[in-house]
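Quantities reported herein were computed from a predicted structural model and do not represent experimental measurements. Throughout, residue positions are numbered sequentially from 1 according to the sequence presented. Remember, it's 1-based here, ligands and their atoms both numbered in the order they're listed.
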Amino acid sequence: MKDYSKLTRAELIESLELLEKQHAKAGAAASVVAASKEKLAASALADSAERLRAILHTAVEGIITIDEHGIIESMNPAAEKIFDWKVNEVMGKNVSLLMPSPYREQHDGYLRNYLQTGQAKIIGIGREVVGQRKDGSLFPMDLAVSEVRLVKQRLFTGFVRDITERKRAEEKLAALAQTLAEKNKELETIVYVASHDLRSPLVNIQGFSKELTSSCERLREKLSRSHLLEEHGGELKALLAQEIPEAIEFIQAGVAKIDALLSGFLRYSRLGRAAIKIEHLNMDSLLSSVTQAMEFQIKRAAATLEVGPLPDCLGDAVQVNQVFSNLLDNAIKYLDPKRPGKISVSGRKEDGRSIYEVKDNGIGIASEHQPKVFEIFHRLNPGASEGEGLGLTIAQRVLERQNGKIWVESNSGKGSTFFVSLPASVRNG
Ligand code: ADP
(Lines give C-alpha, C1' and ligand atoms only; values in the text may rest on other atoms or scores of the structure.)
Protein backbone atom coordinates (compact mmCIF):
# COMPACT_ATOMS: atom_id res chain seq x y z
CA MET A 1 0.00 0.00 0.00
CA LYS A 2 1.29 3.43 -0.91
CA ASP A 3 2.12 5.96 1.86
CA TYR A 4 0.36 9.04 0.40
CA SER A 5 1.69 11.35 3.22
CA LYS A 6 5.18 11.13 1.77
CA LEU A 7 4.22 12.06 -1.80
CA THR A 8 4.82 15.43 -3.42
CA ARG A 9 1.86 17.44 -4.58
CA ALA A 10 2.50 16.49 -8.23
CA GLU A 11 2.85 12.86 -7.36
CA LEU A 12 -0.33 13.06 -5.31
CA ILE A 13 -2.27 14.56 -8.25
CA GLU A 14 -0.89 11.85 -10.55
CA SER A 15 -1.96 9.11 -8.14
CA LEU A 16 -5.39 10.59 -7.74
CA GLU A 17 -5.86 10.71 -11.50
CA LEU A 18 -4.81 7.05 -11.70
CA LEU A 19 -7.27 6.09 -8.98
CA GLU A 20 -9.98 8.02 -10.75
CA LYS A 21 -9.31 6.13 -13.99
CA GLN A 22 -9.37 2.77 -12.20
CA HIS A 23 -12.62 3.68 -10.46
CA ALA A 24 -14.21 4.69 -13.73
CA LYS A 25 -13.22 1.36 -15.26
CA ALA A 26 -14.68 -0.52 -12.28
CA GLY A 27 -17.87 1.49 -12.55
CA ALA A 28 -18.19 0.66 -16.21
CA ALA A 29 -17.60 -3.01 -15.47
CA ALA A 30 -20.22 -2.93 -12.71
CA SER A 31 -22.80 -1.43 -14.99
CA VAL A 32 -21.97 -4.03 -17.64
CA VAL A 33 -22.44 -6.74 -14.99
CA ALA A 34 -25.72 -5.18 -13.84
CA ALA A 35 -26.99 -4.97 -17.42
CA SER A 36 -25.97 -8.56 -18.08
CA LYS A 37 -27.71 -9.68 -14.90
CA GLU A 38 -30.87 -7.88 -15.95
CA LYS A 39 -30.70 -9.47 -19.37
CA LEU A 40 -30.20 -12.88 -17.84
CA ALA A 41 -33.14 -12.41 -15.48
CA ALA A 42 -35.35 -11.22 -18.32
CA SER A 43 -34.40 -14.17 -20.48
CA ALA A 44 -34.96 -16.61 -17.56
CA LEU A 45 -38.37 -15.04 -17.02
CA ALA A 46 -39.16 -15.28 -20.70
CA ASP A 47 -37.90 -18.84 -20.65
CA SER A 48 -40.07 -19.87 -17.72
CA ALA A 49 -43.08 -18.06 -19.18
CA GLU A 50 -42.49 -19.88 -22.45
CA ARG A 51 -42.20 -23.17 -20.62
CA LEU A 52 -45.42 -22.50 -18.72
CA ARG A 53 -47.16 -21.60 -21.98
CA ALA A 54 -45.92 -24.83 -23.55
CA ILE A 55 -47.21 -26.86 -20.60
CA LEU A 56 -50.62 -25.19 -20.70
CA HIS A 57 -50.72 -25.54 -24.47
CA THR A 58 -49.99 -29.25 -24.51
CA ALA A 59 -51.87 -30.29 -21.35
CA VAL A 60 -54.59 -32.90 -22.00
CA GLU A 61 -56.66 -31.39 -19.24
CA GLY A 62 -58.59 -28.25 -19.97
CA ILE A 63 -57.20 -25.35 -17.91
CA ILE A 64 -59.12 -22.12 -17.41
CA THR A 65 -58.14 -19.22 -15.17
CA ILE A 66 -60.61 -16.68 -13.87
CA ASP A 67 -60.26 -13.65 -11.64
CA GLU A 68 -62.10 -13.11 -8.41
CA HIS A 69 -65.16 -11.80 -10.26
CA GLY A 70 -65.40 -14.96 -12.34
CA ILE A 71 -64.03 -13.30 -15.47
CA ILE A 72 -62.09 -15.61 -17.79
CA GLU A 73 -58.41 -14.63 -18.09
CA SER A 74 -57.09 -17.60 -20.03
CA MET A 75 -58.13 -20.89 -21.56
CA ASN A 76 -55.79 -23.52 -22.96
CA PRO A 77 -56.37 -25.41 -26.25
CA ALA A 78 -57.65 -28.53 -24.42
CA ALA A 79 -60.34 -26.41 -22.75
CA GLU A 80 -61.16 -24.77 -26.12
CA LYS A 81 -61.71 -28.26 -27.53
CA ILE A 82 -63.81 -29.43 -24.58
CA PHE A 83 -66.16 -26.41 -24.62
CA ASP A 84 -65.90 -25.72 -28.35
CA TRP A 85 -65.17 -22.03 -27.69
CA LYS A 86 -62.09 -20.11 -28.95
CA VAL A 87 -60.10 -18.40 -26.25
CA ASN A 88 -60.57 -14.95 -27.78
CA GLU A 89 -64.35 -15.46 -27.78
CA VAL A 90 -64.50 -16.08 -24.05
CA MET A 91 -61.68 -13.90 -22.69
CA GLY A 92 -63.17 -11.20 -20.49
CA LYS A 93 -66.51 -13.01 -20.23
CA ASN A 94 -67.98 -14.59 -17.13
CA VAL A 95 -67.05 -18.25 -16.67
CA SER A 96 -70.71 -19.05 -15.95
CA LEU A 97 -70.98 -19.10 -19.75
CA LEU A 98 -69.51 -22.60 -19.59
CA MET A 99 -72.16 -24.03 -17.27
CA PRO A 100 -75.89 -24.68 -17.62
CA SER A 101 -78.71 -23.31 -15.49
CA PRO A 102 -79.18 -23.24 -12.55
CA TYR A 103 -75.40 -23.25 -11.84
CA ARG A 104 -74.92 -20.40 -14.32
CA GLU A 105 -77.11 -18.05 -12.27
CA GLN A 106 -75.70 -19.27 -8.96
CA HIS A 107 -72.00 -18.99 -9.82
CA ASP A 108 -71.38 -15.31 -9.07
CA GLY A 109 -73.08 -15.66 -5.70
CA TYR A 110 -71.09 -18.75 -4.94
CA LEU A 111 -67.80 -17.04 -5.76
CA ARG A 112 -68.75 -13.99 -3.67
CA ASN A 113 -69.70 -16.21 -0.78
CA TYR A 114 -66.42 -18.07 -1.02
CA LEU A 115 -64.40 -14.84 -1.04
CA GLN A 116 -66.27 -13.60 2.03
CA THR A 117 -66.53 -16.77 4.08
CA GLY A 118 -63.90 -19.15 2.68
CA GLN A 119 -66.57 -21.86 2.46
CA ALA A 120 -65.70 -23.99 -0.56
CA LYS A 121 -67.89 -26.34 -2.51
CA ILE A 122 -65.46 -27.13 -5.30
CA ILE A 123 -62.36 -25.01 -4.71
CA GLY A 124 -59.61 -27.24 -3.40
CA ILE A 125 -61.99 -30.22 -3.46
CA GLY A 126 -62.93 -31.15 -7.01
CA ARG A 127 -65.96 -33.06 -8.16
CA GLU A 128 -68.15 -34.19 -11.01
CA VAL A 129 -70.23 -31.41 -12.58
CA VAL A 130 -72.06 -30.63 -15.82
CA GLY A 131 -70.44 -28.44 -18.47
CA GLN A 132 -72.07 -26.64 -21.39
CA ARG A 133 -70.55 -26.36 -24.86
CA LYS A 134 -70.91 -23.40 -27.19
CA ASP A 135 -73.84 -25.05 -28.98
CA GLY A 136 -75.65 -25.48 -25.64
CA SER A 137 -75.09 -29.22 -25.41
CA LEU A 138 -74.28 -30.57 -21.96
CA PHE A 139 -71.65 -33.08 -20.88
CA PRO A 140 -70.36 -34.54 -17.61
CA MET A 141 -66.96 -33.35 -16.49
CA ASP A 142 -64.52 -33.66 -13.65
CA LEU A 143 -63.67 -30.25 -12.25
CA ALA A 144 -60.89 -29.38 -9.83
CA VAL A 145 -60.35 -25.74 -8.89
CA SER A 146 -57.34 -24.34 -7.13
CA GLU A 147 -56.83 -20.85 -5.84
CA VAL A 148 -53.73 -18.74 -6.59
CA ARG A 149 -53.12 -15.74 -4.34
CA LEU A 150 -51.02 -13.04 -6.02
CA VAL A 151 -49.92 -9.77 -4.38
CA LYS A 152 -52.89 -7.75 -5.53
CA GLN A 153 -55.19 -10.41 -6.89
CA ARG A 154 -56.73 -13.80 -6.31
CA LEU A 155 -56.96 -16.09 -9.29
CA PHE A 156 -58.79 -19.38 -9.67
CA THR A 157 -57.57 -22.12 -11.96
CA GLY A 158 -60.04 -24.76 -13.08
CA PHE A 159 -58.84 -28.11 -14.38
CA VAL A 160 -61.52 -29.82 -16.44
CA ARG A 161 -61.82 -33.20 -18.06
CA ASP A 162 -64.65 -34.37 -20.28
CA ILE A 163 -65.79 -37.70 -18.82
CA THR A 164 -68.55 -38.49 -21.33
CA GLU A 165 -66.83 -41.70 -22.46
CA ARG A 166 -66.16 -42.86 -18.92
CA LYS A 167 -69.76 -42.17 -17.91
CA ARG A 168 -71.04 -44.00 -20.97
CA ALA A 169 -68.87 -47.01 -20.09
CA GLU A 170 -70.05 -46.86 -16.48
CA GLU A 171 -73.69 -46.71 -17.54
CA LYS A 172 -73.16 -49.62 -19.93
CA LEU A 173 -71.52 -51.63 -17.17
CA ALA A 174 -74.33 -50.82 -14.74
CA ALA A 175 -76.94 -51.82 -17.36
CA LEU A 176 -75.06 -55.06 -18.02
CA ALA A 177 -74.85 -55.80 -14.30
CA GLN A 178 -78.58 -55.14 -14.03
CA THR A 179 -79.36 -57.47 -16.95
CA LEU A 180 -77.08 -60.09 -15.46
CA ALA A 181 -78.80 -59.82 -12.08
CA GLU A 182 -82.21 -60.13 -13.76
CA LYS A 183 -81.10 -63.13 -15.83
CA ASN A 184 -79.65 -64.70 -12.73
CA LYS A 185 -82.92 -64.23 -10.91
CA GLU A 186 -84.82 -65.66 -13.86
CA LEU A 187 -82.51 -68.67 -13.94
CA GLU A 188 -82.90 -69.14 -10.22
CA THR A 189 -86.68 -69.10 -10.58
CA ILE A 190 -86.46 -71.69 -13.36
CA VAL A 191 -84.21 -73.89 -11.21
CA TYR A 192 -86.54 -73.44 -8.27
CA VAL A 193 -89.73 -74.17 -10.21
CA ALA A 194 -88.16 -77.06 -12.12
CA SER A 195 -86.71 -78.72 -9.05
CA HIS A 196 -89.89 -78.14 -7.11
CA ASP A 197 -92.20 -79.40 -9.85
CA LEU A 198 -90.02 -82.32 -10.84
CA ARG A 199 -90.24 -83.72 -7.37
CA SER A 200 -93.90 -84.74 -7.57
CA PRO A 201 -93.51 -87.03 -10.64
CA LEU A 202 -90.41 -88.36 -8.92
CA VAL A 203 -92.38 -89.21 -5.82
CA ASN A 204 -94.81 -91.03 -8.12
CA ILE A 205 -92.00 -93.06 -9.67
CA GLN A 206 -90.69 -93.87 -6.22
CA GLY A 207 -94.12 -94.93 -5.01
CA PHE A 208 -94.98 -97.02 -8.05
CA SER A 209 -91.62 -98.74 -8.14
CA LYS A 210 -92.22 -99.82 -4.54
CA GLU A 211 -95.61 -101.09 -5.60
CA LEU A 212 -93.99 -102.98 -8.46
CA THR A 213 -91.63 -104.64 -5.97
CA SER A 214 -94.46 -105.83 -3.80
CA SER A 215 -96.50 -106.91 -6.86
CA CYS A 216 -93.53 -108.92 -7.96
CA GLU A 217 -93.36 -110.57 -4.55
CA ARG A 218 -97.05 -111.41 -4.65
CA LEU A 219 -96.75 -112.81 -8.16
CA ARG A 220 -93.85 -114.99 -7.15
CA GLU A 221 -95.83 -116.31 -4.23
CA LYS A 222 -98.89 -117.04 -6.37
CA LEU A 223 -96.85 -118.71 -9.06
CA SER A 224 -95.03 -120.85 -6.58
CA ARG A 225 -98.37 -122.47 -5.87
CA SER A 226 -99.39 -122.87 -9.52
CA HIS A 227 -98.40 -125.32 -12.21
CA LEU A 228 -97.00 -122.46 -14.34
CA LEU A 229 -93.80 -122.41 -12.37
CA GLU A 230 -93.32 -126.09 -13.03
CA GLU A 231 -93.84 -125.59 -16.78
CA HIS A 232 -91.66 -122.47 -17.22
CA GLY A 233 -89.84 -122.73 -13.91
CA GLY A 234 -86.33 -121.61 -14.72
CA GLU A 235 -87.30 -118.63 -16.87
CA LEU A 236 -90.04 -117.30 -14.58
CA LYS A 237 -87.90 -117.70 -11.48
CA ALA A 238 -85.10 -115.69 -13.02
CA LEU A 239 -87.55 -112.99 -14.09
CA LEU A 240 -89.31 -112.65 -10.78
CA ALA A 241 -86.47 -113.27 -8.41
CA GLN A 242 -83.70 -111.47 -10.21
CA GLU A 243 -84.31 -109.51 -13.39
CA ILE A 244 -87.39 -107.51 -12.39
CA PRO A 245 -86.21 -106.75 -8.82
CA GLU A 246 -82.81 -105.73 -10.17
CA ALA A 247 -84.38 -103.40 -12.73
CA ILE A 248 -86.54 -101.88 -10.00
CA GLU A 249 -83.47 -101.37 -7.81
CA PHE A 250 -81.74 -99.49 -10.60
CA ILE A 251 -84.81 -97.33 -11.06
CA GLN A 252 -84.95 -96.61 -7.34
CA ALA A 253 -81.23 -95.79 -7.13
CA GLY A 254 -81.60 -93.45 -10.09
CA VAL A 255 -84.65 -91.82 -8.56
CA ALA A 256 -82.84 -91.38 -5.24
CA LYS A 257 -79.93 -89.72 -7.04
CA ILE A 258 -82.26 -87.35 -8.95
CA ASP A 259 -84.08 -86.66 -5.69
CA ALA A 260 -80.81 -85.70 -3.97
CA LEU A 261 -79.82 -83.47 -6.88
CA LEU A 262 -83.21 -81.79 -6.97
CA SER A 263 -83.24 -81.11 -3.27
CA GLY A 264 -79.71 -79.72 -3.67
CA PHE A 265 -80.89 -77.40 -6.45
CA LEU A 266 -83.85 -76.42 -4.34
CA ARG A 267 -81.65 -75.55 -1.35
CA TYR A 268 -79.26 -73.64 -3.58
CA SER A 269 -81.95 -71.62 -5.33
CA ARG A 270 -83.69 -70.86 -2.03
CA LEU A 271 -80.52 -69.12 -0.87
CA GLY A 272 -80.93 -66.35 -3.42
CA ARG A 273 -84.41 -65.64 -2.02
CA ALA A 274 -83.69 -65.94 1.68
CA ALA A 275 -83.67 -62.57 3.42
CA ILE A 276 -80.40 -61.77 5.13
CA LYS A 277 -79.94 -59.62 8.19
CA ILE A 278 -76.49 -58.11 8.50
CA GLU A 279 -75.55 -57.48 12.10
CA HIS A 280 -72.61 -57.32 14.47
CA LEU A 281 -71.50 -60.89 15.15
CA ASN A 282 -69.61 -61.96 18.23
CA MET A 283 -67.65 -64.74 16.59
CA ASP A 284 -66.34 -66.24 19.83
CA SER A 285 -69.87 -67.02 20.94
CA LEU A 286 -71.04 -68.01 17.44
CA LEU A 287 -68.19 -70.53 17.11
CA SER A 288 -68.79 -71.86 20.59
CA SER A 289 -72.39 -72.70 19.68
CA VAL A 290 -71.23 -74.28 16.39
CA THR A 291 -68.63 -76.47 18.11
CA GLN A 292 -71.02 -77.43 20.90
CA ALA A 293 -73.39 -78.86 18.32
CA MET A 294 -70.53 -80.87 16.81
CA GLU A 295 -69.09 -82.23 20.04
CA PHE A 296 -70.24 -85.77 19.31
CA GLN A 297 -68.73 -85.81 15.81
CA ILE A 298 -65.40 -84.50 17.12
CA LYS A 299 -65.28 -87.11 19.85
CA ARG A 300 -66.15 -89.89 17.45
CA ALA A 301 -63.32 -88.80 15.15
CA ALA A 302 -60.97 -88.65 18.19
CA ALA A 303 -59.85 -85.25 16.93
CA THR A 304 -58.69 -82.20 18.87
CA LEU A 305 -60.25 -78.84 18.17
CA GLU A 306 -58.77 -75.48 19.14
CA VAL A 307 -60.67 -72.26 18.71
CA GLY A 308 -58.56 -69.11 19.17
CA PRO A 309 -59.90 -65.70 20.16
CA LEU A 310 -61.75 -64.46 17.10
CA PRO A 311 -62.39 -60.91 15.90
CA ASP A 312 -66.02 -59.85 15.50
CA CYS A 313 -67.47 -59.19 12.07
CA LEU A 314 -70.59 -58.10 10.21
CA GLY A 315 -72.77 -60.78 8.73
CA ASP A 316 -75.98 -62.80 8.90
CA ALA A 317 -75.86 -64.93 12.05
CA VAL A 318 -77.75 -67.92 10.63
CA GLN A 319 -75.79 -68.11 7.41
CA VAL A 320 -72.35 -67.49 8.97
CA ASN A 321 -73.19 -70.25 11.45
CA GLN A 322 -74.03 -72.49 8.49
CA VAL A 323 -70.70 -71.68 6.77
CA PHE A 324 -68.57 -72.53 9.83
CA SER A 325 -70.63 -75.64 10.60
CA ASN A 326 -69.99 -76.83 7.10
CA LEU A 327 -66.26 -76.07 7.21
CA LEU A 328 -65.86 -77.88 10.52
CA ASP A 329 -67.99 -80.75 9.30
CA ASN A 330 -65.68 -81.10 6.27
CA ALA A 331 -62.57 -80.73 8.43
CA ILE A 332 -63.75 -83.73 10.46
CA LYS A 333 -65.06 -85.68 7.46
CA TYR A 334 -61.83 -85.39 5.49
CA LEU A 335 -59.37 -86.17 8.29
CA ASP A 336 -56.67 -88.70 7.52
CA PRO A 337 -57.24 -91.95 9.45
CA LYS A 338 -53.47 -92.46 9.45
CA ARG A 339 -52.85 -89.73 12.07
CA PRO A 340 -54.68 -88.11 14.99
CA GLY A 341 -56.91 -85.34 13.74
CA LYS A 342 -56.06 -81.76 14.62
CA ILE A 343 -58.45 -78.94 13.74
CA SER A 344 -58.17 -75.28 14.64
CA VAL A 345 -60.11 -72.09 14.06
CA SER A 346 -58.28 -68.76 14.31
CA GLY A 347 -58.86 -65.21 13.14
CA ARG A 348 -57.31 -61.80 12.62
CA LYS A 349 -58.25 -58.33 11.43
CA GLU A 350 -56.69 -56.97 8.25
CA ASP A 351 -57.56 -53.82 6.27
CA GLY A 352 -61.08 -53.52 7.58
CA ARG A 353 -61.80 -57.22 7.17
CA SER A 354 -62.01 -60.08 9.65
CA ILE A 355 -60.25 -63.12 8.27
CA TYR A 356 -60.87 -66.56 9.77
CA GLU A 357 -58.96 -69.78 9.14
CA VAL A 358 -60.37 -73.27 9.58
CA LYS A 359 -57.37 -75.54 9.48
CA ASP A 360 -57.11 -79.35 9.50
CA ASN A 361 -54.36 -81.93 9.11
CA GLY A 362 -56.54 -84.15 6.96
CA ILE A 363 -56.17 -85.68 3.51
CA GLY A 364 -55.75 -82.29 1.80
CA ILE A 365 -56.77 -81.29 -1.73
CA ALA A 366 -54.44 -81.40 -4.74
CA SER A 367 -53.83 -77.92 -6.16
CA GLU A 368 -55.57 -78.67 -9.47
CA HIS A 369 -58.76 -79.61 -7.59
CA GLN A 370 -58.79 -76.65 -5.21
CA PRO A 371 -60.88 -74.22 -7.33
CA LYS A 372 -63.30 -77.02 -8.21
CA VAL A 373 -64.37 -77.78 -4.65
CA PHE A 374 -66.59 -74.67 -4.79
CA GLU A 375 -68.43 -75.92 -7.89
CA ILE A 376 -71.91 -77.27 -7.42
CA PHE A 377 -72.06 -81.06 -6.79
CA HIS A 378 -68.32 -81.39 -7.21
CA ARG A 379 -66.87 -84.12 -4.99
CA LEU A 380 -63.29 -85.30 -5.24
CA ASN A 381 -63.87 -88.77 -3.93
CA PRO A 382 -67.61 -89.51 -4.03
CA GLY A 383 -67.42 -93.05 -2.63
CA ALA A 384 -65.20 -92.25 0.35
CA SER A 385 -67.61 -90.27 2.50
CA GLU A 386 -71.15 -89.00 2.69
CA GLY A 387 -72.07 -85.68 1.17
CA GLU A 388 -73.69 -84.12 -1.83
CA GLY A 389 -70.95 -81.71 -2.94
CA LEU A 390 -73.05 -78.68 -2.12
CA GLY A 391 -71.68 -77.41 1.21
CA LEU A 392 -68.86 -75.26 -0.16
CA THR A 393 -70.97 -74.00 -3.07
CA ILE A 394 -73.56 -72.81 -0.59
CA ALA A 395 -70.88 -71.33 1.68
CA GLN A 396 -69.47 -69.33 -1.23
CA ARG A 397 -72.91 -68.18 -2.29
CA VAL A 398 -74.05 -67.02 1.14
CA LEU A 399 -70.75 -65.25 1.78
CA GLU A 400 -70.95 -63.42 -1.56
CA ARG A 401 -74.35 -62.08 -0.56
CA GLN A 402 -72.90 -60.49 2.57
CA ASN A 403 -69.73 -59.07 1.04
CA GLY A 404 -67.70 -62.04 2.18
CA LYS A 405 -65.24 -64.37 0.50
CA ILE A 406 -64.02 -67.92 0.88
CA TRP A 407 -60.89 -69.59 -0.47
CA VAL A 408 -58.70 -72.57 0.25
CA GLU A 409 -55.01 -73.34 0.60
CA SER A 410 -54.14 -77.00 0.84
CA ASN A 411 -51.36 -79.54 0.60
CA SER A 412 -52.40 -82.91 -0.69
CA GLY A 413 -51.76 -85.50 2.03
CA LYS A 414 -51.02 -82.88 4.70
CA GLY A 415 -54.14 -80.84 5.33
CA SER A 416 -56.26 -77.88 4.26
CA THR A 417 -56.97 -74.38 5.45
CA PHE A 418 -60.22 -72.72 4.46
CA PHE A 419 -60.22 -68.92 4.75
CA VAL A 420 -63.34 -66.84 5.29
CA SER A 421 -63.21 -63.06 5.01
CA LEU A 422 -66.07 -60.83 6.19
CA PRO A 423 -66.30 -57.09 6.80
CA ALA A 424 -64.83 -56.29 10.22
CA SER A 425 -67.18 -54.83 12.76
CA VAL A 426 -66.38 -51.32 13.96
CA ARG A 427 -67.09 -52.37 17.54
CA ASN A 428 -64.10 -53.82 19.36
CA GLY A 429 -63.36 -57.53 19.19
P1 ADP B 1 -69.38 -82.50 0.43
O2 ADP B 1 -68.51 -82.44 1.62
O3 ADP B 1 -70.82 -82.68 0.76
O4 ADP B 1 -68.90 -83.45 -0.61
P5 ADP B 1 -68.54 -79.78 -0.06
O6 ADP B 1 -69.03 -78.82 -1.08
O7 ADP B 1 -68.59 -79.39 1.35
O8 ADP B 1 -69.37 -81.10 -0.32
O9 ADP B 1 -67.06 -80.17 -0.47
C10 ADP B 1 -66.74 -80.47 -1.81
C11 ADP B 1 -65.53 -81.38 -1.89
O12 ADP B 1 -64.36 -80.70 -1.44
C13 ADP B 1 -65.62 -82.59 -0.96
O14 ADP B 1 -66.30 -83.65 -1.60
C15 ADP B 1 -64.17 -82.93 -0.72
O16 ADP B 1 -63.69 -83.71 -1.77
C17 ADP B 1 -63.48 -81.58 -0.78
N18 ADP B 1 -63.22 -81.02 0.59
C19 ADP B 1 -63.97 -80.14 1.25
N20 ADP B 1 -63.42 -79.83 2.45
C21 ADP B 1 -62.29 -80.55 2.55
C22 ADP B 1 -61.26 -80.68 3.54
N23 ADP B 1 -61.30 -80.01 4.70
N24 ADP B 1 -60.23 -81.53 3.29
C25 ADP B 1 -60.18 -82.21 2.12
N26 ADP B 1 -61.11 -82.13 1.14
C27 ADP B 1 -62.15 -81.32 1.35
Side-chain angles (χ1 to χ4, degrees), residues 188 191 195 253 256-272 274 287 290-291 293-308 310 315 318-347 355-402 404-422:
E188 227 161 56
V191 169
S195 39
K257 175 94 186 146
I258 297 175
D259 189 38
L261 290 179
L262 288 184
S263 63
F265 275 135
L266 214 56
R267 266 176 66 203
Y268 182 75
S269 63
R270 272 197 191 120
L271 285 177
L287 253 291
V290 170
T291 52
M294 304 187 96
E295 225 163 279
F296 173 72
Q297 271 171 279
I298 297 165
K299 263 201 189 125
R300 194 177 52 186
T304 57
L305 171 68
E306 263 179 42
V307 182
L310 303 172
V318 177
Q319 296 198 341
V320 172
N321 185 309
Q322 191 183 357
V323 169
F324 281 90
S325 301
N326 188 263
L327 290 179
L328 283 172
D329 189 50
N330 280 351
I332 299 167
K333 215 160 57 175
Y334 301 108
L335 280 174
D336 191 336
K338 288 198 286 265
R339 55 180 173 260
K342 267 192 192 167
I343 301 167
S344 65
V345 184
S346 57
I355 297 171
Y356 306 96
E357 296 183 19
V358 179
K359 189 172 177 176
D360 66 58
N361 66 339
I363 57 173
I365 305 163
S367 54
E368 68 269 26
H369 294 306
Q370 287 171 20
K372 293 197 181 132
V373 295
F374 298 101
E375 286 173 11
I376 194 162
F377 302 133
H378 189 91
R379 306 199 66 219
L380 302 180
N381 201 350
S385 62
E386 297 221 327
E388 45 188 353
L390 201 62
L392 291 177
T393 316
I394 287 182
Q396 189 177 48
R397 183 91 198 275
V398 302
L399 285 169
E400 260 168 21
R401 286 189 73 207
Q402 45 199 301
K405 267 190 200 149
I406 183 168
W407 67 99
V408 64
E409 280 174 14
S410 182
N411 269 327
S412 186
K414 289 196 173 149
S416 314
T417 306
F418 280 85
F419 295 84
V420 170
S421 153
L422 279 160

Partners passing ring-ring contact (aromatic ring centres under 6.0 Å, His included) against Phe265 (at least two apart in sequence or in another chain): Phe377
Heavy atoms from other residues, nucleotides or ligands near NZ of Lys333 exceed 12 (cutoff 6.0 Å): yes
Under the side-chain hydrogen bond (donor to acceptor under 3.5 Å, both in side chains) test, residues paired with Thr291 that sit two or more places apart: none
Between the protein and ligand 1, are there any N or O atom pairs that come within less than 3.5 Å of each other, and if so, what are their names and distances?
unit_1, atom_1, unit_2, atom_2, d
ligand 1, 2 (O), Asn330, OD1, 3.2
ligand 1, 2 (O), Lys333, NZ, 3.0
ligand 1, 2 (O), Tyr334, OH, 2.9
ligand 1, 3 (O), Glu388, N, 3.1
ligand 1, 3 (O), Gly389, N, 3.1
ligand 1, 4 (O), Tyr334, OH, 3.3
ligand 1, 4 (O), Arg379, NE, 2.5
ligand 1, 4 (O), Arg379, NH2, 3.3
ligand 1, 4 (O), Gly389, N, 3.4
ligand 1, 6 (O), Gly391, N, 3.2
ligand 1, 6 (O), Leu392, N, 2.8
ligand 1, 7 (O), Asn330, OD1, 3.4
ligand 1, 7 (O), Asn330, ND2, 2.8
ligand 1, 7 (O), Leu392, N, 3.4
ligand 1, 8 (O), Gly389, N, 3.4
ligand 1, 14 (O), Tyr334, OH, 3.2
ligand 1, 16 (O), Leu380, N, 3.3
ligand 1, 20 (N), Asn330, ND2, 3.4
ligand 1, 23 (N), Asp360, OD2, 2.9
ligand 1, 24 (N), Ser416, OG, 3.4

Exercise: identify the closest heavy-atom pair between Glu188 and Ser269: O-CB, 3.9 Å
For residues 363-375, tabulate all N or O donor-acceptor pairs below 3.5 Å that involve a side-chain atom, not counting sequence neighbours.
unit_1, atom_1, unit_2, atom_2, d
Gln370, NE2, Ile365, O, 3.0
Gln370, NE2, Ser410, O, 3.0

Considering all heavy atoms, the nearest Ala303-Ile343 contact: CB-CD1, 4.4 Å
